[in-house]
There are 2 protein chains.
Amino acid sequence: MKKEIPLLNTITTASNQDLEKYEQKFKALADQQRLQIINILAVKESVCVCDLTPIIDMPQSKLSYHLKILLEADLIKKEKQGTWNYYSLNVSELKGILSDQLCCVFLPSSC
Amino acid sequence: MKKEIPLLNTITTASNQDLEKYEQKFKALADQQRLQIINILAVKESVCVCDLTPIIDMPQSKLSYHLKILLEADLIKKEKQGTWNYYSLNVSELKGILSDQLCCVFLPSSC
DNA sequence: CTGGTATATCAAAAATAATTGATTTATACA
DNA sequence: TGTATAAATCAATTATTTTTGATATACCAG
């Protein structure tokens, strides 16, 4: 849904840009499998897709799909090294979204 | 999707209960219209549905639907007063989820 | 009780998102 | 070059969520 929300600027404080941006980030977070991927990346630092597939029991195309959603929301980063793509958390972005309490749950190293 | 995620307890730190619980909360947040409702409630404190309908241009049944989702995720509270239902934020719950930065965007009074 | 307002709920339709298996692209290396 | 592995993408299917309009429920005032 790319629809623009009607402006309520006289009442609200969040801009349409805010709404759109955080909708995307919360959508990316709104899935158990993706939360689990985030949690794995938090513990293992940097992981390639081929290492992730056996850890989280999931076909490769499905994993790529979920990684892409996290990537597009800027919650994770990707670095290409030859044949491999290494994924890692975008910690500063996540810390800008999640409470300290939640960071402790999903990014335990940051506690 | 009520599916249980397979246990990866040797690797991850978040429990299945965590995953399930925060999935629901992030789902509730993952919608521009609901983020806007939260923002309105933050500014206006306590509002009945009939006051909300004209502010946010939305049919009443749709508004009730979105309020229900926020309510079930425990992000807002409902208080019945006669014919009216007054909704307000569950501020402590929201602060337990959102970073200070995000609270400033959506719950400006808490800044 | 009757009529009116506030709100929730329901079932059907529409829109979006997730899953799957197959295919493509890219790189590595024998 | 030919083969193998890593990973992304695609199109079709399935599942989930959202929207809509209609109806039901609850309370209030006359």
Side-chain angles (χ1 to χ4, degrees), chain A residues 1-6 19-20 22-38 40-41 44 46-73 75-88, chain B residues 1-6 19-20 22-38 40-41 44 46-73 75-88:
Chain A
M1 190 211 305
K2 261 280 119 69
K3 205 178 66 181
E4 280 256 314
I5 291 283
L19 295 174
E20 208 174 309
Y22 292 112
E23 177 187 57
Q24 183 187 22
K25 289 179 194 293
F26 286 129
K27 271 192 176 145
L29 292 167
D31 182 278
Q32 289 191 50
Q33 297 167 102
R34 291 193 291 266
L35 289 174
Q36 202 171 48
I37 291 171
I38 287 172
I40 292 170
L41 292 179
K44 307 204 72 163
S46 182
V47 178
C48 67
V49 180
C50 55
D51 286 341
L52 222 40
T53 322
I55 298 176
I56 193 168
D57 183 34
M58 198 180 275
Q60 175 266 318
S61 67
K62 189 175 170 182
L63 185 52
S64 277
Y65 167 76
H66 287 296
L67 287 169
K68 190 179 185 191
I69 285 177
L70 291 168
L71 195 63
E72 284 172 348
L75 303 181
I76 64 175
K77 293 181 284 189
K78 166 160 121 174
E79 200 196 344
K80 181 156 211 166
Q81 274 181 37
T83 317
W84 292 271
N85 279 341
Y86 285 89
Y87 285 91
S88 59
Chain B
M1 191 211 306
K2 261 280 118 69
K3 206 177 65 182
E4 280 256 314
I5 290 284
L19 294 174
E20 209 175 307
Y22 292 112
E23 178 187 57
Q24 183 186 23
K25 290 180 194 289
F26 286 128
K27 270 190 178 148
L29 292 168
D31 181 280
Q32 289 190 49
Q33 296 167 103
R34 292 194 289 267
L35 288 175
Q36 200 170 51
I37 290 171
I38 287 173
I40 293 169
L41 292 179
K44 306 205 74 163
S46 183
V47 177
C48 67
V49 180
C50 56
D51 286 340
L52 221 40
T53 323
I55 297 176
I56 193 168
D57 183 34
M58 198 181 275
Q60 176 266 318
S61 67
K62 189 175 170 182
L63 185 53
S64 278
Y65 167 77
H66 286 296
L67 287 169
K68 191 179 184 193
I69 284 177
L70 290 169
L71 195 63
E72 284 172 350
L75 303 181
I76 63 175
K77 293 181 284 191
K78 166 159 121 172
E79 201 195 343
K80 180 155 210 166
Q81 274 181 37
T83 317
W84 291 271
N85 280 340
Y86 285 90
Y87 286 92
S88 58

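Basis for what follows: all heavy atoms, side chains included, without hydrogens, waters or symmetry-related copies. Lettering follows sequence order; numbering is per chain, from 1.
For Lys27(B) and dT17(D), the shortest distance from a side-chain N or O to OP1 or OP2 is below 4.0 Å. Within the 4.0 Å cut-off from OP1 or OP2 of dA8(C), at least one side-chain nitrogen or oxygen of Asn85(B) is found. For dT18(D), the OP1/OP2 oxygens have no side-chain nitrogen or oxygen of Gln33(B) closer than 4.0 Å.
You'll find the side chain of Lys44(A) reaches within 4.5 Å of the side chain of Ile55(A), heavy atoms only.
Of the candidate nucleotides dT9(D), dT18(D), dA6(D), dT9(D) has the atom lying nearest to any side-chain atom of Ser64(A).
To the nearest angstrom, C1' of dT7(C) lies 12 Å from CG of Leu52(B). For the pair Lys78(B) NZ and dT7(C) P, the interatomic distance rounds to 10 Å; values are reported in whole Å. Atoms CD (Glu23(A)) and C1' (dA17(C)) sit 13 Å apart, rounded to a whole Å. Counting to the nearest Å, the C1' atom of dT7(C) and the CG atom of Leu71(B) are 13 Å from each other. Distance Asp31(B) CG to dA15(C) C1': 13 Å, rounded to the nearest Å. Rounded to whole Å, the distance from CE on Met58(A) to P on dG21(C) is 14 Å. When rounded to the nearest whole Å, the span between NZ of Lys68(A) and C1' of dA7(D) equals 12 Å. Atom-to-atom, CD of Glu72(B) to P of dT16(D) comes out at 16 Å; the value is rounded to the nearest Å.
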Nucleotide by nucleotide, 5' to 3', does protein get under 4.0 Å of the base (B), only the sugar-phosphate (S), or neither (-) in nucleotides 20-30 of chain D, counting heavy atoms?
BBB----SS--
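Here Ile69(A) lies in heavy-atom contact (under 4.0 Å) with sugar-phosphate atoms only. Within the nucleic acid shown, Tyr86(A) has no heavy atom closer than 4.0 Å to any nucleic acid atom.
Using modelled atom types, no side-chain atom of Lys78(A) and backbone atom of Tyr87(A) make a donor-acceptor pair closer than 3.5 Å. Checking side-chain atoms of Gln33(A) against main-chain N and O of Ile56(A) turns up no donor-acceptor pair under 3.5 Å.
For the pair Val49(B) and His66(A), nearest-nucleotide mapping onto DNA chain C gives the more 5' position to Val49(B).
Interatomic distance, Leu35(B) CG to Ile40(B) CD1, rounded to the nearest 0.5 Å: 11.0 Å.
Cys48(A) pairs by the side-chain contact (heavy atoms from CB on, under 4.5 Å) definition with Cys50(A), Asp51(A), Trp84(A), Tyr86(A), not counting sequence neighbours.
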Full working for side-chain contact (heavy atoms from CB on, under 4.5 Å) between Asn85(B) and Glu79(B):
CA-CA 6 Å; Asn85(B) 280 340; Glu79(B) 201 195 343; over 6 Å; no
Show me the donor-acceptor pairs, under 3.5 Å and distance only, between side chains in residues 64-71 of chain B and residues at least two apart or in other chains.
residue: Ser64(B); atom: OG; partner: Gln60(B); partner atom: NE2; Å: 3.3
residue: His66(B); atom: ND1; partner: Arg34(B); partner atom: NH1; Å: 3.0

